[in-house]
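The structure displayed is predicted, hence computed values, not measured ones.
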Amino acid sequence: MNLVEMALADLAGAETFPLDAILTLRQKWALAREPLLASLNACASGVDRTPENAETVFFALHLLAEKREKEAFPPLVSMALEGDQLYEIIGDATTETLPQIFLSLYDGDLEKLKGLIAAPGADPWARVAALEAYSYLAASGEIPLDDARKYFAELFETLQPRSADPVWFGWQNCIALLGFADLEPLVVRAFRQGLVDKQVLAFEDFQVDLFANRAAPDRRALCEERGLKPIDDALEALAVFDADEDEDDEPSTPAANPNRNVGRNDPCPCGSGKKYKKCCLETE
């Protein structure tokens with residue numbers, strides 16, 4: 001067994017954060033690339049969705065993102081379209097690092113990205129991550145801002161479900177992020193129709209964000225200040241999961257979150273005004 005094979009085995013059976021394995025795979029990327037892509041494709045196709053391969057895919061996605069391996073984008077989107085399947089595989093990465101992974105792996109197929117946003121049966125937080133990735137592409141000039149403004153306006157009419165759902169939280173958040181003040185009346189309507197859960201976010205919070213973001217001179221820089229950017233360092237991106245480990249050496253892949261539809265960085269549903277991860281998440 002060579003060093004790459006040993007590192008891959010360490011990923012699959014990781015009981016603690018597999019730092020040495022990740023460093024080895026980065027250093028020997030020419031040999032590591034194909035087996036990591038193979039693990040991802042086997043998972044996406046349903047050929048291998050064992051816990052061991054899911055563990056490998058969790059780390060593989062972050063490494064593939066660092067290396068800008070565009071071939072990983074289609075199978076990732078394919079898994080995201082399967083509802084909760086993506087969460088079963090990568091856990092809280094769906095709310096922590098998935099937007100950055102999408103940006104890093106994006107292969108230029110905008111219709112595929114928009115197809116995920118539009119799919120009501122897809123993982124809800126993957127749809128939010130896709131919206132955020134779309135917003136970064138607009139903020140960085142890859143998508144014309146006028147096109148993005150028109151697209152977000154159209155989403156108000158077409159986005160499903162027509163009830164409170166994380167995708168609507170992502171929609172209003174991206175409108176605020178891009179400073180689209182002319183779309184504020186649509187956001188008003190979304191709140192009035194109950195599409196945005198008022199226990200998670202108040203309309204006044206949207207207004208505060210919109211006002212602050214409109215004043216930003218560089219929208220791409222604003223996105224990056226908020227952590228919405230491609231992954232340049234897989235270890236840095238994975239640090240949030242390493243830091244969240246319990247002292248008794250729990251597995252490094254994030255555990256299932258009982259509040260499935262509340263992201264760690266969202267306002268806590270209890271109404272405290274704190275982020276969920278700094279409030280009720282700590283008591284669960």
Side-chain angles (χ1 to χ4, degrees), residues 36-37 39-41 43-44 54 57-143 147-148 151-152 155 159 165-171 173-175 177-178 219-220 222-234 236-241 253-254 263-266:
L36 289 174
L37 281 171
S39 291
L40 174 60
N41 283 313
C43 199
V57 167
F58 170 78
F59 293 107
L61 281 171
H62 292 83
L63 284 165
L64 291 163
E66 176 189 292
K67 300 297 184 178
R68 305 291 190 272
E69 295 291 351
K70 309 301 185 183
E71 288 182 37
F73 186 67
L76 174 57
V77 172
S78 175
M79 288 192 297
L81 288 169
E82 292 189 50
D84 289 339
Q85 186 60 54
L86 184 65
Y87 185 76
E88 294 298 320
I89 296 165
I90 66 172
D92 281 349
T94 55
T95 56
E96 291 285 357
T97 54
L98 189 56
Q100 298 96 307
I101 292 172
F102 274 141
L103 283 173
S104 304
L105 301 180
Y106 176 62
D107 62 1
D109 189 344
L110 187 59
E111 292 308 309
K112 187 178 292 292
L113 188 67
K114 291 167 69 174
L116 174 57
I117 293 169
D123 182 282
W125 289 102
R127 297 175 74 193
V128 173
L131 278 166
E132 292 178 346
Y134 181 99
S135 297
Y136 179 89
L137 294 172
S140 61
E142 189 164 339
I143 297 172
D147 289 357
Y151 175 62
F152 279 98
L155 284 176
L159 205 56
D165 186 89
V167 73
W168 288 106
F169 173 83
W171 174 80
N173 183 60
C174 291
I175 288 174
L177 181 64
L178 292 171
R219 301 214 181 281
R220 176 174 177 172
L222 176 65
C223 290
E224 295 183 349
E225 286 172 9
R226 299 187 177 192
L228 180 57
K229 57 183 179 179
I231 291 173
D232 293 321
D233 185 332
E236 182 180 329
L238 287 163
V240 63
F241 306 111
T253 303
R264 291 165 52 86
N265 292 314
D266 295 338

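Residues F241 and T97 meet the side-chain proximity criterion, which asks for heavy atoms closer than 4.5 Å. F102 places a side-chain heavy atom less than 4.5 Å from the side chain of V77. Here the side chains of E132 and N173 are in contact, with some heavy-atom distance below 4.5 Å.
Between P99 and L228, the shortest heavy-atom contact is CB-CD1, 3.8 Å. Heavy atoms only, all atoms of each residue included: A148 and A138 are closest at CB-CB, 3.7 Å. Looking at every heavy atom in both residues, G170 comes nearest to L131 through C-CD1, 3.9 Å. Taking all atoms of both residues into account, the shortest heavy-atom contact from G83 to D123 is O-CB, 3.1 Å. The two residues M79 and L40 come nearest to each other via the heavy atoms CE-CD1, 3.4 Å. L98 and A126 get closest at one heavy-atom pair: CD2-CA, 3.7 Å.
With sequence neighbours left out, D147 forms a salt bridge (charged side-chain N to carboxylate O under 4.0 Å, His left out) with no residue at all. Residues that satisfy the side-chain hydrogen bond (donor to acceptor under 3.5 Å, both in side chains) test with E71, not counting sequence neighbours, are R33. Not counting sequence neighbours, the partners of A60 by the side chain to side chain contact (heavy atoms under 4.5 Å, CB included) test are L36, L64. With sequence neighbours excluded, no residue forms a salt bridge (charged side-chain N to carboxylate O under 4.0 Å, His left out) with R226. Listed by chain and number, the residues in a side-chain hydrogen bond (donor to acceptor under 3.5 Å, both in side chains) with S135 amount to none (sequence neighbours excluded). Applying the side-chain hydrogen bond (donor to acceptor under 3.5 Å, both in side chains) criterion to D233, with sequence neighbours excluded, gives R26. A search for side-chain hydrogen bond (donor to acceptor under 3.5 Å, both in side chains) contacts involving Y136 returns R220, E224, not counting sequence neighbours. Judged as a side chain to side chain contact (heavy atoms under 4.5 Å, CB included), and not counting sequence neighbours, the contacts of Q85 are R49, E82, E88, I89. Under the side chain to side chain contact (heavy atoms under 4.5 Å, CB included) criterion, S39 pairs with N53, T56, V57, not counting sequence neighbours. Listed by chain and residue number, P124, R127, P161, V167, W168 satisfy the side chain to side chain contact (heavy atoms under 4.5 Å, CB included) test with D165 (two or more places apart in sequence, or in another chain). Applying the ring-ring contact (aromatic ring centres under 6.0 Å, His included) rule to Y134 yields the partners Y151, F152; only residues at least two apart in sequence or on another chain are considered.
For the atom pair I101 CD1 and L61 CG, the distance stands at 5.0 Å (nearest 0.5 Å). Note that the CZ atom of F73 and the OG atom of S78 stand 11.5 Å from one another [nearest 0.5 Å]. Here L37 contributes atom CG and E69 contributes atom CD; the two are 6.0 Å apart, rounded to the nearest 0.5 Å. Annotation: the span from L103 atom CG to C223 atom SG amounts to 8.5 Å, rounded to 0.5 Å.
Formation of a donor-acceptor pair under 3.5 Å by the S104 side chain with backbone atoms of I231 is found in this model. In this structure, the side chain of Q100 does not engage the main chain of A237 through any donor-acceptor pair within 3.5 Å.
Using a cut-off of 4.0 Å between Lys/Arg side-chain N and Asp/Glu carboxylate O, K67 and D232 are scored as not salt-bridged.
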Pairs under 3.5 angstrom only: tabulate donor-acceptor contacts from the side chains of residues 109-120 to other protein residues two or more places apart or in another chain.
{"residue": "D109", "atom": "OD1", "partner": "E111", "partner atom": "N", "Å": "3.3"}
{"residue": "D109", "atom": "OD1", "partner": "K112", "partner atom": "N", "Å": "3.1"}

